[in-house]
Amino acid sequence: MFIRKAVFIGIICMLGLTGCATNTKSGAEGEGDKRAEELLSMSRSELAKQESYTIEMEQQEETSSKSEKSEDKHWSSAVSFHVDYVRNPYTVYLKSETAEGKEREEYISDTEYHTKVMDDLFIKQDDYIPVKEKQIVQRFIDPYDYIDTYQIDSQEIVVTEEEQEYILSMEISSNDASKETLKLMKQNLTDKIKLRYTLDKTTHLPQKVEAEIFTSLKSENLDSESVLTLQTNISHFNGIKEIVMPADTSEE
């Protein structure tokens, strides 16, 4: 499953929050589409100018399954991610921790990939495939990857305002998605997507990204449903000067 593959790397989107908001919606539909498109364009442009930033993500997944030959099952998982990203030279530090306390640390560059094995010991992976790993990490460092992946049109985005923030929210299901989006949703077994972006009014940089991804798989013997919830905070813009790749200890 695409979403799960992207998340379990050892894979940045939104659930609406309540609060004291002015809730000022765009005017006419055409004007609303244009405003959403302009805000997205400005935010993408400003984010591309940032040489570094930090991503903190909380992921929760609830899954249930039904089968005629066994009892209904339900299970859940939770993972926390910390990502430091430097644009030039391309370097990523990724740390993940499960609810059970299992940790994983990785360093990724254009040419190297190191994983932590114990304490301060790291191993350089000789079979590293830069393109593959960078594609997986992309969902963390590009908060707009969901919009691009599902080819969500700006007319699906609702713009509201809070005191110091713009809120871009969207909810798309298989019943009302465009032809192209529906095709991509089917490929990824996705039934519904809820996204919410919080942008700083002054800088237009994304501050929060929240997502709910509803997926299902139905077969002759088994029906399963999953809800993946992601809450992401982006901060420390231009605050990371360098990520130093660890020494390879595999030959020591």
Side-chain angles (χ1 to χ4, degrees), residues 2-3 6-7 11-17 24-26 29-57 81-94 108 110 131 133-162 164-172 177-178 180-181 184-185 188 190 193-213 230-240 243:
F2 175 84
I3 297 295
V7 172
I11 203 100
I12 199 203
C13 320
M14 306 65 212
L15 172 64
L17 299 179
T24 304
K25 291 190 177 182
S26 303
E29 184 175 344
E31 293 176 358
D33 298 348
K34 184 177 180 181
R35 190 182 186 201
E37 188 174 348
E38 288 176 346
L39 286 172
L40 271 177
S41 178
M42 286 188 289
S43 185
R44 287 178 188 266
S45 177
E46 291 303 315
L47 187 63
K49 296 175 184 177
Q50 307 305 305
E51 288 301 317
S52 64
Y53 46 89
T54 294
I55 303 99
E56 301 280 356
M57 178 187 288
F81 297 93
H82 174 97
V83 180
D84 289 331
Y85 167 61
V86 172
R87 189 178 303 277
N88 187 25
Y90 177 92
T91 325
V92 176
Y93 166 71
L94 169 62
I108 302 167
D110 278 324
V131 174
E133 296 298 334
K134 289 175 72 173
Q135 286 177 341
I136 292 174
V137 172
Q138 185 69 9
R139 189 165 296 278
F140 289 101
I141 63 178
D142 180 6
Y144 299 113
D145 187 62
Y146 288 105
I147 292 177
D148 297 336
T149 295
Y150 289 98
Q151 296 186 18
I152 298 173
D153 192 89
S154 60
Q155 68 181 4
E156 305 289 347
I157 302 173
V158 176
V159 180
T160 58
E161 294 183 34
E162 295 187 357
Q164 300 297 327
E165 301 163 336
Y166 291 115
I167 308 297
L168 308 183
S169 57
M170 60 214 80
E171 180 175 338
I172 301 169
S178 66
E180 277 303 314
T181 298
L184 293 165
M185 291 176 71
N188 296 302
T190 303
I193 309 166
K194 292 183 179 181
L195 301 173
R196 177 183 167 105
Y197 292 82
T198 301
L199 311 183
D200 183 275
K201 271 190 175 181
T202 302
T203 65
H204 294 101
L205 289 169
Q207 297 178 318
K208 296 179 183 179
V209 182
E210 301 157 81
E212 276 191 303
I213 311 295
L230 302 165
Q231 297 198 18
T232 304
N233 290 297
I234 308 170
S235 60
H236 297 100
F237 293 103
N238 291 328
I240 306 168
I243 298 176

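Both backbone and side-chain heavy atoms feed into the values below; hydrogens, waters and symmetry mates do not. Note that the structure is a prediction, hence the values are computed from the model and not measured.
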Enter the distance from [X]:[atom1] to [Y]:[atom2] here, rounded to the nearest 0.5 Å.
| X | Y | atom1 | atom2 | value |
| --- | --- | --- | --- | --- |
| Asp142 | Ile55 | CG | CD1 | 10.0 Å |
| His82 | Asn233 | NE2 | CG | 12.0 Å |
| Ile152 | Ile193 | CD1 | CD1 | 5.0 Å |
| Met42 | Leu47 | CE | CG | 14.0 Å |
| Leu94 | Ile108 | CG | CD1 | 6.0 Å |
| Glu212 | Gln231 | CD | CD | 9.0 Å |

With a 4.0 Å cut-off, would you call [X] and [Y] a salt bridge?
| X | Y | value |
| --- | --- | --- |
| Lys208 | Glu162 | no |
| Lys34 | Glu37 | no |
| Arg44 | Asp148 | yes |

Indicate the atoms forming the closest heavy-atom contact of [X] with [Y], along with that distance.
| X | Y | value |
| --- | --- | --- |
| Tyr93 | Ile243 | N-CD1, 3.9 Å |
| Tyr144 | Leu40 | CE2-CD2, 3.5 Å |
| Ile141 | Pro143 | O-CD, 3.5 Å |

Problem - Check against side chain to side chain contact (heavy atoms under 4.5 Å, CB included), Ile172 and Thr181 - result: CA-CA 9 Å; Ile172 301 169; Thr181 298; 4.2 Å; yes
Using side-chain heavy atoms (C-beta onward) and a distance below 4.5 Å, is [X] in contact with [Y]?
| X | Y | result |
| --- | --- | --- |
| Glu56 | Thr232 | no |
| Leu230 | Phe81 | no |
| Leu184 | Gln151 | yes |
| Leu168 | Leu199 | yes |

Donor-acceptor under 3.5 Å ([X] side chain, [Y] main chain):
| X | Y | value |
| --- | --- | --- |
| Asp153 | Glu156 | no |
| Ser45 | Ser43 | no |
| Thr54 | Asp84 | no |
| Asn188 | Thr190 | no |
| Arg35 | Val159 | no |

Looking just at side-chain N and O atoms, do [X] and [Y] make a donor-acceptor pair shorter than 3.5 Å?
| X | Y | result |
| --- | --- | --- |
| Thr198 | Tyr166 | no |
| Asn238 | Ser52 | no |
| His204 | Glu46 | no |

Handout entry: Derivation and outcome, side chain to side chain contact (heavy atoms under 4.5 Å, CB included), residues Asn88 and Glu51
Key = CA-CA 7 Å; Asn88 187 25; Glu51 288 301 317; 4.1 Å; yes
Problem - Evaluation steps, side chain to side chain contact (heavy atoms under 4.5 Å, CB included), between Val137 and Tyr90 - result: CA-CA 12 Å; Val137 172; Tyr90 177 92; 4.0 Å; yes
Handout entry: Leu195 vs Tyr150, side chain to side chain contact (heavy atoms under 4.5 Å, CB included): CA-CA, chis, key distance, verdict
Key = CA-CA 12 Å; Leu195 301 173; Tyr150 289 98; over 6 Å; no
Exercise for the section: Kindly assign one of parallel, tilted or perpendicular to the pair Tyr85 and Tyr53, based on the angle between their ring planes and the thresholds 30° and 60°. Expected result: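 Perpendicular.
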